[in-house]
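Have a look at the structure below before the remarks.
Both counts, for ligands and for their atoms, begin at 1 and track the order of listing. Numbers here simply count residues along the sequence, with the first being 1. Since the model is a prediction, treat every value here as computed from it, not as a measurement.
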Amino acid sequence: MDRRIVPPSSDAHVSLPMESRSMSGEIHVILGPMFAGKTTALLRRIQIEMNNGRSVAMIKSDKDHRYGLDSVVTHDGVKMPCFAVSELLSFRDKLGAEAYNKLDVIGIDEAQFFEDLYDFCCNAADCDGKTVVVAGLDGDYLRKRFGSVLDVVPLADSVMKLTARCEICDNTMWTEVVDKASRTASTILMSSTGVEPSPTTVTLNMSSAMDKTICSDTLSSQRHTSDVSAYDGRNPEDFQFKPQVGASYSLGLSSLRPMSEIGNNMTMFSGGHSEQVSAGLIKKEHEPSMQSQNQSQGQNLVASENESILSESVPNSAIEGTNLRVYLPAEAASEDGYNWRKYGHKHVKGSEYPRSYYKCTHPTCEMKKQMERSDGLVTGIIYKGHHDHPKPQSSCRLAAGTMLSCHEEEKTDKLSSLMSVEDESTNAPDHTYHQIDPNSITESP
Ligand SMILES: Nc1ncnc2c1ncn2[C@@H]1O[C@H](COP(=O)(O)OP(=O)(O)O)[C@@H](O)[C@H]1O
Ligand SMILES: Cc1cn([C@H]2C[C@H](O)[C@@H](COP(=O)(O)O)O2)c(=O)[nH]c1=O
C-alpha cells in the first residue's frame with residue numbers, strides 16, 4: 001500500500017515525498033498490553049511469511065532481557081532467534097547491506113523500546129520495500145501511552161489490537177501493576193509455579209488470587225498492600241521474568257486468557273514437546289509460486305478484539321518447490337545451551353547441503369540435533385525429541401570435541417542460516433522432521 005499519510009513529527013525527514021519513494025512495502029502493527037499475545041501473533045505472522053517463501057529477519061530490543069537476548073520468546077515459551085539491538089537503524093549495518101537488501105520481511109518485538117521505530121519503519125517500508133511487522137505495548141501499566149508503537153499507527157497498513165482478560169471478573173484488562181509509589185493500581189499475577197514476575201507484574205501472596213490473571217477492580221477488592229512486592233514501572237532492567245521456556249505451565253498459564261486466541265499453530269516454533277527449530281532471518285532462493293495471503297491487507301485500522309490479521313498457516317503444499325533458507329545470528333545457530341556429540345553426517349536426498357547429526361552428551365538423554373551447512377554457514381537445524389535434563393549450568397562445553405567438530409564446520413558469520421523446507425518433512429509439527437537413514441550416515445571418528 002502507498003502510505004500517503006506522513007505524521008507530523010520532528011522525524012518527518014525520513015518520510016520521503018511520494019516522488020522520492022522508490023518502493024512501497026507494508027507496515028503491520030500488533031499492539032496491546034502485556035500477555036495479550038502480541039509476540040505469539042508476531043511469530044505466527046513471521047512463520048506464515050516464511051511458509052510463503054519470504055526472507056524474514058526478527059529483531060527485538062536489547063532492553064528486554066527477560067528471556068535472554070538471542071531469541072524472541074513468548075510468555076509460554078515459543079521462541080525464535082533474533083537480532084537484539086538498541087537501535088533499529090543499526091540493524092542494517094549489523095546484518096550487512098547485502099543480506100538486508102535480500103530481506104522481504106522484518107519482525108520487530110518489544111517495539112515500544114525503539115525510539116527510532118518510526119524512522120526505521122518509514123525507511124524499511126517506503127524506501128526499501130520491506131514488509132515490517134511491529135509488535136509492542138501501546139500503553140504502560142497505568143494505561144498511558146507508552147513508548148513508540150503508537151507513533152507508527154499512522155503509517156500502518158493494518159493494526160491489530162490485542163487485549164487480555166481478568167480471569168476472576170472477566171473484565172478486559174490492560175497491563176496493570178501495583179504502583180510502588182501509590183500502591184493503587186493492580187497487576188497481572190504470575191503463577192508461583194510456572195513463571196516469575198515480569199517487571200510490570202507483582203507477586204501476591206494471597207492464596208485466593210494465586211495463579212490468576214486479574215484486573216485492578218478484582219485485585220483491589222482482595223489484596224492487602226503488604227502482600228504485594230511492587231514494580232515501579234520505570235526501568236525494564238528491573239524485570240525478572242524468567243519463565244521455563246518450553247515448559248508446560250499447567251497452573252500459571254491456565255490463568256492466562258488472551259482475548260485474541262491466536263493459538264500456537266507454529267509448527268516450526270512451538271515449544272513444549274520438543275525443542276524449537278528457530279529462525280532469525282530467512283532468505284528465499286527462488287520466488288515462491290504462491291504469494292503471501294497476508295499481504296496487502298489494506299487499511300484495516302484497528303481490527304476487532306478477536307479478529308486476527310493473520311490467516312491460518314499456509315499448508316505445506318504451498319511451499320513445495322521452493323527452497324527456503326533461514327538465517328539466524330551465528331550464536332543462535334550453534335549455541336543452544338546443551339552439549340552435543342557429533343555421530344555422523346551424510347548427504348541427504350533432495351538437499352544440496354550435507355547434514356551432520358549430533359546427540360546430546362547427557363548420559364540418559366535421547367535428544368538429537370541435525371545441522372545442515374553450506375559454505376560454512378548453518379543452513380538448517382532440526383531437533384528431535386526433548387531433553388530429559390536441565391540445561392548445563394556452564395556455557396563452557398564439557399564435550400570439547402562436540403564444539404570443536406561443530407565449529408570446524410560452522411564458520412560463524414554474521415549470518416548463519418537455519419532451515420530448508422525443500423524437504424517437506426521439515427514442516428512436521430512434532431519436529432521429527434527428517435527420517436534418518438542410518439545406512440547413509442557416515443559415522444564420524
Ligand atoms: N500470568 C499470565 N497471564 C497471562 N498470560 C500468560 C501468563 N503466563 C503465561 N502466559 C501466556 O502468555 C501468552 C501470551 O504471550 P505473548 O504472546 O508473549 O504475549 P505478549 O507479547 O502480548 O506479552 C498467553 O497465550 C499465555 O499462554
Ligand atoms: C506495562 C509495562 C511494560 N514494560 C516493559 C516490560 C517488558 O519488558 C515489556 C513488555 O513485554 P511483553 O512482551 O508485552 O510482556 O515492556 C514497561 O517497561 N513498563 C510498563 O508499564
Side-chain angles (χ1 to χ4, degrees), residues 30-45 60-67 71-80 107-114 134-149 160-167 173-180 185-204 209-215 230-245 247-264 266 269-272:
I30 301 164
L31 50 78
M34 290 178 71
F35 299 102
K38 303 181 300 298
T39 304
T40 305
L42 173 66
L43 296 190
R44 186 163 182 229
R45 172 65 183 252
K60 83 170 182 186
S61 165
D62 64 6
K63 290 199 175 87
D64 189 339
H65 325 132
R66 290 170 298 171
Y67 302 101
S71 301
V72 165
V73 186
T74 71
H75 292 307
D76 40 14
V78 180
K79 67 179 179 179
M80 181 183 289
I108 305 173
D109 199 25
E110 305 302 343
Q112 69 274 2
F113 292 130
F114 288 118
V134 173
L137 296 174
D138 49 350
D140 67 8
Y141 66 104
L142 296 172
R143 296 190 285 177
K144 299 262 177 65
R145 68 175 295 147
F146 183 67
S148 49
V149 170
M160 179 166 59
K161 166 73 179 184
L162 302 178
T163 54
R165 186 195 295 272
C166 171
E167 185 162 301
M173 59 179 235
W174 282 67
T175 303
E176 295 174 276
V177 296
V178 172
D179 178 351
K180 208 179 223 168
S186 72
T187 183
I188 289 177
L189 179 64
M190 307 304 297
S191 159
S192 58
T193 54
V195 187
E196 293 179 23
S198 87
T200 51
T201 64
V202 296
T203 303
L204 304 185
M210 281 310 244
D211 302 329
K212 300 257 187 280
T213 300
I214 57 180
C215 73
Y231 162 66
D232 68 9
R234 287 180 199 154
N235 182 11
E237 302 290 321
D238 296 339
F239 290 27
Q240 295 181 13
F241 198 161
K242 297 171 192 156
Q244 298 164 2
V245 172
S248 169
Y249 300 117
S250 57
L251 282 177
L253 300 199
S254 63
S255 64
L256 173 70
R257 296 288 179 272
M259 291 189 72
S260 180
E261 290 287 356
I262 293 169
N264 282 334
M266 301 185 60
F269 304 112
S270 62

Which one holds for [X] and ligand 2: side chain close, backbone close, both close, or neither close, with close meaning a heavy atom under 4.0 Å?
| X | answer |
| --- | --- |
| Lys63 | neither |
| Asp64 | side chain |
| Asp109 | neither |

(request) Only counting residues at least two apart or in another chain, list the ones meeting side-chain hydrogen bond (donor to acceptor under 3.5 Å, both in side chains) with Thr39. (result) Asp109

(message) Test of understanding: with side-chain hydrogen bond (donor to acceptor under 3.5 Å, both in side chains), list the residues that count as partners of Glu110, not counting sequence neighbours.
(response) Arg66, Gln112

(request) Out of Gln112, Glu110, Lys144, Met34, indicate the one that has the non-hydrogen atom closest to atom 13 (O) of ligand 2. (result) Glu110

(message) Is any side-chain heavy atom of Val78 closer than 4.5 Å to one of Thr40?
(response)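 The answer is no, as the side chains (C-beta and beyond) never meet within the 4.5 Å cut-off.
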
(request) Decide yes or no for Leu137 and Val149: does some side-chain heavy atom of the first lie under 4.5 Å from some side-chain heavy atom of the second? (result)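 A side-chain contact is absent here, since even the closest heavy-atom pair is not under 4.5 Å.
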
(request) Hey, can you tell me if Phe113 and Phe146 have their rings parallel, tilted or perpendicular (30° and 60° cut-offs)? (result) perpendicular

(message) Less than 4.0 Å is my threshold; does some heavy atom of Ala135 fall inside it relative to ligand 1?
(response)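 No, Ala135 has no heavy atoms under 4.0 Å from ligand 1.
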
(message) Between ligand 1 and Ala36, can you find any atom pair, the residue atom being a heavy atom, that is separated by under 4.0 Å?
(response) yes

May I ask you to check whether [X] has an N/O atom sitting below 3.5 Å from an N/O atom of ligand 1?
| X | result |
| --- | --- |
| Lys38 | yes |
| Phe35 | yes |
| Met34 | no |

(message) Please list, in number order, the atoms of ligand 2 under 4.0 Å from a heavy atom of Lys38.
(response)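 That gives atoms 14 (O) of ligand 2.
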
(request) Output the list of atoms in ligand 2 that are nearer than 4.0 Å to some heavy atom of Asp140, sorted by atom number. (result)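 Selected atoms, number and element: 1 (C), 21 (O).
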
(request) For Pro33, take its heavy atoms, then give the atoms of ligand 1 lying under 4.0 Å from any of them. (result) 22 (O)

(message) Main chain of Ser71, side chain of Lys60: is a donor-acceptor contact present, judged purely on distance under 3.5 Å?
(response) yes

(request) Verify, without hydrogens or angle tests, whether Ser61 (side chain) and Phe114 (backbone) share a donor-acceptor contact under 3.5 angstrom. (result) no

(request) Rounded to the nearest 0.5 Å, what's the gap from NZ on Lys38 to CG on Asp138? Could you check? (result)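 Output value for this atom pair is 8.0 Å.
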
